[in-house]
Amino acid sequence: MSTSTGTAASTKQRRLGFKERVNNLPRAVKILLWVVFAVFLFMLPLLNIPFITTEGSDFGGVLFTVATYVLVALGLNIVVGYAGLLDLGYVGFYAIGAYTVGVLSAEHAKLSWVVVVPIAIVVAMVSGVVLGAPTLRVRGDYLAIVTLGFGEIVRLTLVNSEWLGASRGISDIPKPPGVELFEVPSIDWSSGAPVVDLDTTSTFLKFGITDFVPYYWLALGVIALVLLFDILVKSSRVGRAWEATREDEDAAELMGVPTFRFKLLAFALGAAIGGLSGALFATKAGFINPQSFELLLSILFIAAVVVGGAGNRWGVIVGAIVVAYFPERFREFADFRVLVFGLALMLLAIFRPQGLLPPRRTVRAKRADARQAVLEEGEASA
Amino acid sequence: MQNLIDNFFSYTITGLTIGAVYALVALGYTLVYGVLRLINFAHSEVFMYGTFGALWVVMLLGGKPGGSVGQVIFWVVMMFVAAMAMSGLIAVILERVAYRPLRKRNAPPLIALISAIGASFVLAELMGLRSRVAGWVGLDDTLREYVRNSRNNAGLPSIISPQPIFSVGGYNVTNVDLIVIIGAIAIMVVLDQFVKRSRLGRGIRAVAMDPEAAALMGVNRDRVIQVTFLVGGVMAGAAAVFYMLKIGITRYDAGFILGVKAFTAAVLGGIGNLRGALLGGFILGLAENYGSAVVGSQWKDVVAFVLLVLILLVRPTGLLGESLGKARA
């Protein structure tokens, strides 16, 4: 590492950050680490690691919930983190995705899961455009209340529309077609040390009704695809246009960025991912009703994104895990869960105002500020 | 449609009373937005604590239906005192705990929203768990009447029995309706004059217009913000009394939907604009009731939000525009 600026000495003394150390590893080691990490994630529900595993509720199901939150957070991050649009009605798209699956595969038609999920994504995306086209012209906090209203309109429509099953919802949503390839044993810790338990197994990609682990695997696969898509989009011209729009809309417009179109694109992509996670939720639950799509869920989604660090995809994943996992893990405090969660949000806001993992840009911007300060000082003393 | 025409005045009066409550709560959102440019998400909880303040003082004073006129006036006055004190106190604490530490650290606006959401959960849950909280401090026996069934509805004894005063087009306007509508308008006139004429009101407008210039002119920003929260809380307390007189039932989560509606009202009228909040509240209350008469009461909230979207499309800054700072003295 060679730095030619005057801060070189201080850079050398500073311990290398986690990211730099990982980056300096040889390529083969990096790939190996990623593979190990991926295998670990896939095996997580079967490892039954003490303390991490939830006692009261099925760990596979909990992990699936966490995975849907991660997916939602990735989608919402495009809207809130990249494009800087405060969307308080994201649950609307989630509901639209879930209900599209419900209506087309159970309530009014019997289409196959493979056909229904892409339709759900498209329907959610179209609804994003329909909502965004008129409302994205209003700025900032007005958008927040309009989207909040949208989420509530979707929910009330679900409650009041007989065609959508009204308050009883839609049941008997079919499972995705599976293939039974091989069985994965789980690990039993009851004797104090890990023992491979050959009796309790999960069949790879058999979507049953008691074992939620295959759904978790499905969700993980989807997350990987969405992440790849996210990385590609963010580092393209589109990602830079979003960043410019978020930082200063007028300046971006003057520089020739069609800000409205890019905001609409962010909205549509976010809606599509929201619809996808809703579709996954409906698949796993097999039964949906309007109570699953309360306004509070939107608030939790926003909390996941902001707590993790809006704009940093790894940050929002951490945020989603925090928001979805901890309330499940600490079920023994059942009555105090929400209270503790609220306190945690307040403390986080005070002590980590940029989120748990702030986006790289902020770190970069801080360094730029530091350099600027050094320059200004130099000029003043000269 | 026929239903609306037949019962037009009934819907109008109901719309105006609920609109008055929206308008008073909306003032809290608007004031805070005016000086801090952020949505005080926990304001709904400030309102909810007000409803409990009003309820508890009536229980404490042994209020029951069928009191004499003097007693009723005494109870109502005490309700105002208790609810306003309670809401004002909660609002000031909220500012101290959830907002001031962030302001000192120059946190991004979005994180203030998270802090407010957290504070909102904490406040609502403390009320929902009040029997446990009372247990911790060893007061569960003395406070039994006040904290029991803390997750369920708590009802106010109907200390004012609704009696028709006069009738408009077949609808009997009751004394409760009149108290709510006239009281709300009177309170808003007082607030309007406070912001326009008093020294503190001038400070609020100065900070809303330009925080830095205001600081240079010797306005103590922290103090102004605190006063703003206090005033917003007191307004929410007044709204809570009217709400309890009209609806009579509250619960630990009663604030949430009402808060959303009140915020909608504030945006409708033009957030940051006091008269806008008044106008927005009444319009929202009326539109909701007329809408529910035409398309069925289950679509009431949909009507409210569709109206909001339509108005924002035509007037992107609300009906009267944003202008706490620009209000002329």
Audit row: A:V306, B:L113, side chain to side chain contact (heavy atoms under 4.5 Å, CB included) steps and yes/no: CA-CA 9 Å; A:V306 179; B:L113 187 72; over 6 Å; no
Is chain B contacted by the side chain of A:V159, its backbone, both, or neither, given a heavy-atom distance below 4.5 Å? neither
Between A:R155 and chain B, with a heavy-atom cut-off of 4.5 Å, which part of the residue counts as in contact: side chain, backbone, both or neither? neither
Which heavy atom of B:F305 sits nearest a heavy atom of A:I153, and at what distance? CB-CD1, 3.7 Å
Considering all heavy atoms, the nearest B:D301-A:L156 contact: CB-CD1, 3.2 Å
Quick check: are there more than 12 heavy atoms from other residues, nucleotides or ligands sitting under 6.0 Å from CD of A:Q291? no
Tell me, yes or no, whether the heavy-atom count around B:R103 atom CZ, taken from other residues, nucleotides or ligands under 6.0 Å, exceeds 12. yes
Indicate yes or no: at least one non-hydrogen side-chain atom of B:I114 is less than 4.5 angstrom from one of A:L348. no
Would you give the length of the straight line joining atom [atom1] of [X] to atom [atom2] of [Y], rounded to the nearest 0.5 angstrom?
{"X": "B:I39", "Y": "A:L148", "atom1": "CD1", "atom2": "CG", "answer": "8.5 Å"}
{"X": "B:I117", "Y": "A:I299", "atom1": "CD1", "atom2": "CD1", "answer": "5.0 Å"}
{"X": "B:L94", "Y": "A:M346", "atom1": "CG", "atom2": "CE", "answer": "7.0 Å"}
{"X": "A:I302", "Y": "B:F41", "atom1": "CD1", "atom2": "CZ", "answer": "10.0 Å"}

Part of B:L123 within contact of chain A (heavy atom distance under 4.5 Å): neither
Could you walk me through whether B:F121 and A:L343 pass the side chain to side chain contact (heavy atoms under 4.5 Å, CB included) check? CA-CA 8 Å; B:F121 284 174; A:L343 277 175; over 6 Å; no
